[in-house]
Amino acid sequence: MKLIFENLASGIYTGSIGHTFTPSRLAKDYLFYPTWTGHYYCSSDYFTKRETFPTLLLMYVEKGRFHVEYRNKTAIAVKGDLILLDCVEPHYYHAHEGLEFFFYGFEGGNSRDMVQQILNTRGFLIRSPNNHQISKLLKTTMDYYEKHEIENPYEASMRIYKLLMLLMSQRELYQPIKNNPVEQCLVYIHDNLNRVITLEELAKLVNLTSPYLSKIFKQEMGASPREYILNTRMNKAKLLLAQTSKTISEIALETGYSNASSFTNLFTENIGCSPTMFRKLISLKSF
């Protein structure tokens with residue numbers, strides 16, 4: 001639902017736009033999903049103070065100053081800064097005159113765990129090399145919602161996943177990967193998902209010892225190489241089950257398993273239901 005503000009109610013200037021979303025059952029059960037987004041121009045009368053609100057919230061300051069109080073700390077965000085809040089916790093923010101900002105509310109999957117990890121390690125005011133990439137993604141998202149109010153839930157989920165990856169990374173993403181061993185491993189893993197990949201193989205690829213590669217990989221990705229490979233295989237399998245009519249045996253081979261039985265056992269153990277049942281559940285969900 002699109003909201004267009006035409007007066008100074010609540011300190012929001014004319015020209016500000018917001019969008020609210022109602023997630024499908026599919027999105028609630030399996031995916032990340034947006035809850036509300038917007039682009040606000042504000043007077044100094046704009047503020048929000050809540051004890052709790054059921055969403056995660058990312059805000060980007062395009063212009064002006066933004067006063068934020070969260071987790072017993074106070075900060076002033078300025079142009080180029082990001083603010084990340086888990087709104088189930090008490091929070092307060094107010095605008096200085098002339099504030100312009102973008103915001104994106106989201107939920108679903110393990111997004112809250114990921115946000116808590118970011119908050120606990122980096123704080124709620126984020127100044128990182130990835131801020132400009134995040135701002136571009138937020139602006140592109142606003143443009144998309146201006147033209148299309150309905151979005152495929154898989155595309156929305158991937159958009160949020162990309163935002164979270166940018167937020168979690170301690171370095172700039174999308175830089176040349178030539179000298180980054182973890183990035184080289186990621187490319188190699190995604191290019192070779194249809195066959196067995198070992199830690200020793202990855203270590204040899206980047207000319208590092210296996211223990212050291214495992215250490216820096218987990219620091220960067222939050223999972224060991226083995227865990228990352230497994231999760232990537234499962235994610236690809238879920239997409240193939242949901243979006244294609246390929247057989248279980250074909251999907252097993254495409255995700256690196258020599259037979260359907262091994263694939264089915266691992267899928268059931270990690271996802272909580274068999275591949276066949278997952279496909280049936282997906283087909284029952286409406287978009």
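Excluded from the calculations below are hydrogen atoms, water molecules and symmetry mates; all remaining heavy atoms, backbone and side chain alike, are included. This chain uses plain numbering: 1 for the first residue, then up along the sequence.
Between atom CE of residue Met165 and atom NZ of residue Lys162 there is a gap of 12.5 Å, rounded to the nearest 0.5 Å. Note that OG1 of Thr141 and CD of Glu146 are 12.0 Å apart. Values are rounded to the nearest 0.5 Å. Within the model, atoms NE2 of His94 and OG of Ser43 stand 11.0 Å from one another, a figure rounded to the nearest 0.5 Å. In this structure, NE2 on His19 lies 13.0 Å from OG1 on Thr35, to the nearest 0.5 angstrom. Expressed to the nearest 0.5 Å, how far CD1 of Ile248 lies from CG of Asn259 amounts to 13.0 Å. Between the OG1 atom of Thr37 and the CE atom of Met142 there is a distance of 3.5 Å, given to the nearest 0.5 Å.
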Show which side-chain atoms of residues 108-115 pair as donor or acceptor with protein atoms under 3.5 Å away, not counting sequence neighbours.
unit_1, atom_1, unit_2, atom_2, d
Ser111, OG, Gly108, N, 3.4
Ser111, OG, Gly108, O, 2.6
Arg112, NE, Asp86, OD1, 3.2
Arg112, NE, Asp86, OD2, 2.9
Arg112, NH1, Glu107, OE1, 3.1
Arg112, NH1, Glu107, OE2, 3.3
Arg112, NH2, Asp86, OD1, 3.1
Arg112, NH2, Glu107, OE2, 2.9

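Around atom CG of Asp191, more than 12 heavy atoms belonging to other residues, nucleotides or ligands sit under 6.0 Å away. The number of heavy atoms from other shown groups lying within 6.0 Å of NZ (Lys28) does not exceed 12. The number of heavy-atom neighbours closer than 6.0 Å to CZ of Arg50, taken from other residues, nucleotides and ligands shown, is above 12.
Aromatic ring centres of Phe101 and Tyr60 lie farther apart than the 6.0 Å criterion allows. The ring of Phe278 has its center closer than 6.0 angstrom to the ring center of Phe267. Not less than 6.0 angstrom separates the ring centroid of Phe21 from the ring centroid of Tyr33.
Taking both residues in full, the closest heavy atoms of Val206 and Gln184 are given as CG1-CB, 3.9 Å, listed atom of the first, atom of the second, then distance. Scanning both residues, Ile76 and Asp81, for their nearest heavy atoms gives O-OD2, 4.2 Å. Listed here is the closest heavy atom pair of Thr255 and Leu240: CG2-CD1, 4.4 Å. Residue Tyr70 comes nearest to Pro90 through the heavy atom pair CD1-O, 3.4 Å, listed as atom of the first residue, atom of the second, then distance. Pairing each heavy atom of Arg122 with each of Ser128, the nearest pair is NH2-CB, 3.2 Å. Nearest approach of Leu253 to Ser258, heavy atoms of both residues: CD2-O, 4.0 Å.
Between Ile126 and Ile134 the shortest side-chain heavy-atom distance does not fall below 4.5 Å. Between Leu85 and Met59 the shortest side-chain heavy-atom distance falls below 4.5 Å. Side-chain contact between Lys236 and Leu193 is present, with heavy atoms from C-beta onward closer than 4.5 Å. A heavy-atom distance below 4.5 Å is found between the side chains of Pro34 and Tyr145. Between Leu58 and Leu167, the closest side-chain pair of non-hydrogen atoms falls below 4.5 Å.
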Item to complete: Would you sort out whether Ile251 and Arg279 count as a side-chain contact (heavy atoms from CB on, under 4.5 Å), showing the intermediate values?
Response: CA-CA 12 Å; Ile251 293 172; Arg279 177 171 270 166; 3.7 Å; yes
Discussion item. For a side-chain contact (heavy atoms from CB on, under 4.5 Å) check, start with the C-alpha distance between Leu125 and Leu84, then their side-chain angles and the critical distance, and finish with the verdict.
Written reply: CA-CA 7 Å; Leu125 180 63; Leu84 181 66; over 6 Å; no
Worksheet item: Is there a side-chain contact (heavy atoms from CB on, under 4.5 Å) between Glu89 and Thr52 once you walk through the steps?
Response: CA-CA 5 Å; Glu89 302 174 34; Thr52 188; over 6 Å; no
Practice prompt. Carefully, step by step, assess Lys218 and Tyr228 under the rule side-chain contact (heavy atoms from CB on, under 4.5 Å).
Written response: CA-CA 9 Å; Lys218 189 162 187 176; Tyr228 181 85; over 6 Å; no
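Taking the six-membered ring for Trp and thresholds of 30 and 60 degrees, Trp36 and Phe103 have ring planes inclined between 30 and 60 degrees apart. Taking the six-membered ring where tryptophan is involved, the planes of Tyr46 and Phe66 are tilted, since the angle between them lies from 30° to 60°.
Because its NZ or CZ atom is both nearer than 6.0 Å to the ring centre of Tyr257 and within 45° of the ring axis, Arg233 counts as a cation-pi partner of that residue. At least one test fails for Arg159 against the ring of Phe106: distance under 6.0 Å to the centre or angle within 45° of the axis.
With sequence neighbours left out, the ring-ring contact (aromatic ring centres under 6.0 Å, His included) criterion links His39 to Tyr41, Phe102.
A donor-acceptor contact closer than 3.5 angstrom is absent between the side chains of His91 and Tyr93. Checked by atom type, the side-chain pair Arg226/Asn231 shows no donor-acceptor distance below 3.5 Å.
A ring-ring contact (aromatic ring centres under 6.0 Å, His included) check over residues 197-216, counting only residues at least two apart or in different chains, returns nothing.
No donor-acceptor pair under 3.5 Å is formed between the side chain of Ser16 and the backbone N or O of Ile12. Although no hydrogens or angles enter the test, the distance criterion places no donor-acceptor pair under 3.5 Å between the side chain of Thr268 and the main chain of Asn265. Remark: side-chain polar atoms of Arg195 are not paired, donor with acceptor, to backbone N or O of Gly256 under 3.5 angstrom. No side-chain donor-acceptor contact under 3.5 Å links Gln133 to the backbone of Asn130. Using modelled atom types, no side-chain atom of Ser44 and backbone atom of Glu97 make a donor-acceptor pair closer than 3.5 Å. Distance alone, capped at 3.5 Å, is enough to place a donor-acceptor pair between the Ser157 side chain and the Phe32 backbone. In this structure, Ser214 contributes its side chain and Pro211 its backbone to no donor-acceptor pair below 3.5 Å.
Tracing side-chain contacts under 4.5 Å through hydrophobic residues (I, L, V, M, F, W, Y), one never reaches Ile83 starting from Val78; they form parts of separate clusters. Hydrophobic clustering of Ile, Leu, Val, Met, Phe, Trp and Tyr side chains at less than 4.5 Å, counting indirect connections, keeps Tyr40 apart from Tyr92. Taken together through direct or relayed side-chain contacts under 4.5 Å among Ile, Leu, Val, Met, Phe, Trp and Tyr, Val88 and Phe53 form parts of separate hydrophobic clusters. Connection of Ile216 to Tyr188 is established within a shared hydrophobic cluster, with ILVMFWY side chains joined at heavy-atom distances below 4.5 Å, either directly or through further cluster members. Under the 4.5 Å side-chain heavy-atom criterion for Ile, Leu, Val, Met, Phe, Trp and Tyr, Leu31 and Leu239 are members of the same hydrophobic cluster.
A salt bridge links Lys139 with Glu62: the closest approach of a Lys/Arg side-chain nitrogen to an acidic carboxylate oxygen falls below 4.0 angstrom.
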